[in-house]
Protein chains: 2
Amino acid sequence: MDKRIKKSKRAIEEALISLMAENDFIDITINSIAERADVNRGTIYLHYEDKFDLLEQCIEGKIQKLLNFCLPEGSGSYPSKSSLLRTFNYLEEHSFTFHILLTNKGVPTFRKKILNVMKAGMKEQLELNGINQNINKEILIQFLPSATISVIEWWIIESMPYSPEDITEQLWILLEQNHFVPK
Amino acid sequence: MDKRIKKSKRAIEEALISLMAENDFIDITINSIAERADVNRGTIYLHYEDKFDLLEQCIEGKIQKLLNFCLPEGSGSYPSKSSLLRTFNYLEEHSFTFHILLTNKGVPTFRKKILNVMKAGMKEQLELNGINQNINKEILIQFLPSATISVIEWWIIESMPYSPEDITEQLWILLEQNHFVPK
DNA sequence: TTTAATCTGTTCATTAATAAACAAAAGTGG
DNA sequence: CCACTTTTGTTTATTAATGAACAGATTAAA
């Protein structure tokens, strides 16, 4: 992709996040985004329908980067302790952004999207695993992703009261106890 | 000026400074500058003749910003304790850049340029002042700027061993003793 | 309610940045 | 020394960003 597009989109999305640290999304204007991003207002409309589309693309990008950075390992088998640790390290490094996306009013989208991604991934994983004969997968797939997300959400919002290593260890134990990964 | 030009030139000059923190100027290539600045190589030639012209413009810009930021006060009367303090605060804030420009091999230009600027300013000041009847101004104008620059240079290179307030106080006393400012 | 100010979304001509290609110069290693 | 790679400086056509202007929608103040 053209360098200019990358730079403009990054500047615009960074400006949005930055403004969301100060105001609720609904109160943020395209004008203020353009000003903070130091781009012409028209440039924003070149890449986004409106500010809602901007938020949408921004969130989508954050989720994609999270997945691309945290999932790929060896290749294939998704959940491992080390990939979980990598994820928490990434979350910690970008906690400023994730904190905003999780707490800014009028943006319930973010949590939902992550939840959906996690549901899909966990479902796939459960079907691959031969285990859990005596557990209702239907229910487990409602239970586990939601619980996991909540742990992550709590950890971020509470400013990461445990180290990535510790939180990984704890969550891993929970996943084991719930037959998501083989003991 | 067009936003794009500002951004490109800033990125390019920041890249140069950044690379000069790692290598001698003579070893830095246009390619590496373009890469670090994240601009097309051709963009550099759009604004600079070659890397020497780039260094020239970069240095000139730093000096201009230093002057514009540090001199203007009230208006007119140049040297005052507060303007001196403001200058040292600015130097401290940008010590990373000034340290590089003062120490990187093959860039004696920077010190010389500042010296010339200071000579001109001090000369003007001396001629405005009615004092110093019994002091040879010709000699004083060789003596003072050079001495002042050396203090500044030492202060930056030694990683600012005194606070801006302290160094201002000390230098001010020296200037007083040398009849540059009225006691 | 009317006025004024701000924000939105779109259009347009102009300008800057881009990728790609090129020949020539300068280094590099065998 | 000669092949080989890198760097330089320049050129091209293409594309993105810019500033400016505009009408209509919102919002705030008088």
Side-chain angles (χ1 to χ4, degrees), chain A residues 1-62 64-65 100 104-107 109, chain B residues 1-62 64-65 100 104-107 109:
Chain A
M1 197 196 291
D2 196 300
K3 277 180 193 296
R4 290 170 290 185
I5 298 180
K6 275 192 218 159
K7 289 181 201 171
S8 293
K9 294 191 77 167
R10 176 185 309 172
I12 291 164
E13 298 186 9
E14 274 181 3
L16 173 63
I17 296 286
S18 159
L19 288 167
M20 284 175 70
E22 302 162 15
N23 318 293
D24 285 341
F25 173 73
I26 199 64
D27 297 324
I28 296 172
T29 68
I30 292 277
N31 278 326
S32 66
I33 297 170
E35 188 184 4
R36 173 125 355 155
D38 194 27
V39 296
N40 189 278
R41 193 163 52 86
T43 305
I44 296 179
Y45 291 104
L46 239 44
H47 302 293
Y48 310 95
E49 295 271 337
D50 48 33
K51 75 170 183 171
F52 301 98
D53 181 44
L54 165 56
L55 176 65
E56 179 72 18
Q57 288 193 42
C58 183
I59 285 178
E60 199 55 45
K62 301 295 178 196
Q64 279 313 312
K65 281 187 69 177
I100 290 168
N104 193 288
K105 282 175 189 167
V107 193
T109 332
Chain B
M1 195 195 293
D2 196 300
K3 276 181 193 295
R4 290 169 290 183
I5 298 180
K6 275 191 216 159
K7 290 181 201 168
S8 293
K9 295 192 77 167
R10 176 184 309 171
I12 290 163
E13 297 187 9
E14 275 181 3
L16 173 64
I17 296 286
S18 159
L19 287 166
M20 284 175 70
E22 301 163 14
N23 317 292
D24 285 340
F25 173 73
I26 199 65
D27 298 323
I28 296 172
T29 68
I30 293 276
N31 278 327
S32 67
I33 297 169
E35 189 183 3
R36 170 118 7 148
D38 195 26
V39 296
N40 189 278
R41 193 163 52 86
T43 305
I44 296 180
Y45 291 105
L46 239 44
H47 302 293
Y48 311 95
E49 296 271 339
D50 47 34
K51 76 170 181 171
F52 300 97
D53 181 44
L54 164 56
L55 176 65
E56 179 71 18
Q57 287 194 42
C58 183
I59 285 178
E60 199 56 44
K62 300 297 178 194
Q64 280 312 312
K65 281 187 69 176
I100 290 168
N104 193 288
K105 283 176 189 165
V107 194
T109 332

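Letters go in sequence order (proteins before strands), and every chain restarts at 1.
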Got a sec, which residues hit side chain to side chain contact (heavy atoms under 4.5 Å, CB included) with B:Lys7, two or more places apart in sequence or on another chain? A:Asp38, A:Val39, B:Lys3
Could you pull out all residues at least two apart from A:Phe25 that satisfy ring pair (Phe, Tyr, Trp, His ring centres under 6.0 Å)? A:Phe52
In residues 51-62 of chain A, what residues come within less than 4.0 Å of DNA chain D, judged by heavy atoms? none
Shortest non-hydrogen pair, B:Ala37 vs B:Ala11, comes out as CB-O, 3.4 Å
When you check the phosphate oxygens OP1 and OP2 of D:dT10, does a side-chain N or O of B:Tyr45 lie under 4.0 Å from one of them? no
Counting primed atoms plus P, OP1 and OP2 as sugar-phosphate and everything else as base, spell out the protein contacts along nucleotides 17-29 of chain C at 4.0 Å heavy-atom distance: B, S or - for each nucleotide, 5' to 3'. BBB-B--------
Counterpart residues, side-chain hydrogen bond (donor to acceptor under 3.5 Å, both in side chains), relative to B:Tyr45 (two or more places apart): none
For residues 47-56 of chain A, which residue pairs qualify under salt bridge (Lys or Arg N to Asp or Glu O under 4.0 Å), counting only residues two or more places apart or in two chains? A:Glu56-A:Lys113
Among all residues two or more places apart in sequence or in another chain, which pass the side chain to side chain contact (heavy atoms under 4.5 Å, CB included) test with B:Asp24? B:Ile26, B:Asp27, B:Asn104, B:Lys105
Taking only residues two or more places apart in sequence, or in another chain, which ones meet A:Ile5 in a side chain to side chain contact (heavy atoms under 4.5 Å, CB included)? A:Met1, A:Asp2, A:Lys9, A:His47
Non-hydrogen atoms of A:Ile17 and A:Ile100 that approach each other most closely: O-CD1, 3.6 Å
Between A:Ile12 (CD1) and D:dA17 (P), how many Å, whole number? 8 Å
With a 4.0 Å heavy-atom cut-off, tell me which residues in residues 16-35 of chain B come close to DNA chain C, sorted by residue number. none
At 10 degrees resolution, what angle do the end axes of the helix from C:dT1-D:dA30 to C:dG30-D:dC1 form when each is taken over five base pairs? 50°
CD of A:Glu13 to NZ of A:Lys62: how many Å apart, nearest 0.5 Å? 6.5 Å
Restricting to nitrogen or oxygen on both sides, can you table the protein-nucleotides 25-28 of chain D pairs closer than 3.5 Å?
none

Once you round it to whole Å, what is the distance between P of C:dT8 and CD of A:Glu49? 15 Å
Report the distance from atom CG of A:Leu54 to atom CD1 of A:Ile12, rounding to the nearest 0.5 Å. 7.0 Å
Per-pair distances, 0.1 Å, donor-acceptor, side chain in residues 29-36 of chain A, under 3.5 Å, sequence neighbours excluded:
{"unit_1": "A:Thr29", "atom_1": "OG1", "unit_2": "A:Ser32", "atom_2": "N", "d": "3.0"}
{"unit_1": "A:Thr29", "atom_1": "OG1", "unit_2": "A:Ser32", "atom_2": "OG", "d": "3.2"}
{"unit_1": "A:Asn31", "atom_1": "OD1", "unit_2": "A:Arg41", "atom_2": "NE", "d": "3.3"}
{"unit_1": "A:Ser32", "atom_1": "OG", "unit_2": "A:Thr29", "atom_2": "N", "d": "3.4"}
{"unit_1": "A:Ser32", "atom_1": "OG", "unit_2": "A:Thr29", "atom_2": "O", "d": "2.8"}
{"unit_1": "A:Arg36", "atom_1": "NH1", "unit_2": "A:Ser18", "atom_2": "OG", "d": "2.5"}
{"unit_1": "A:Arg36", "atom_1": "NH1", "unit_2": "A:Glu22", "atom_2": "OE2", "d": "3.0"}
{"unit_1": "A:Arg36", "atom_1": "NH2", "unit_2": "A:Glu22", "atom_2": "OE1", "d": "3.3"}

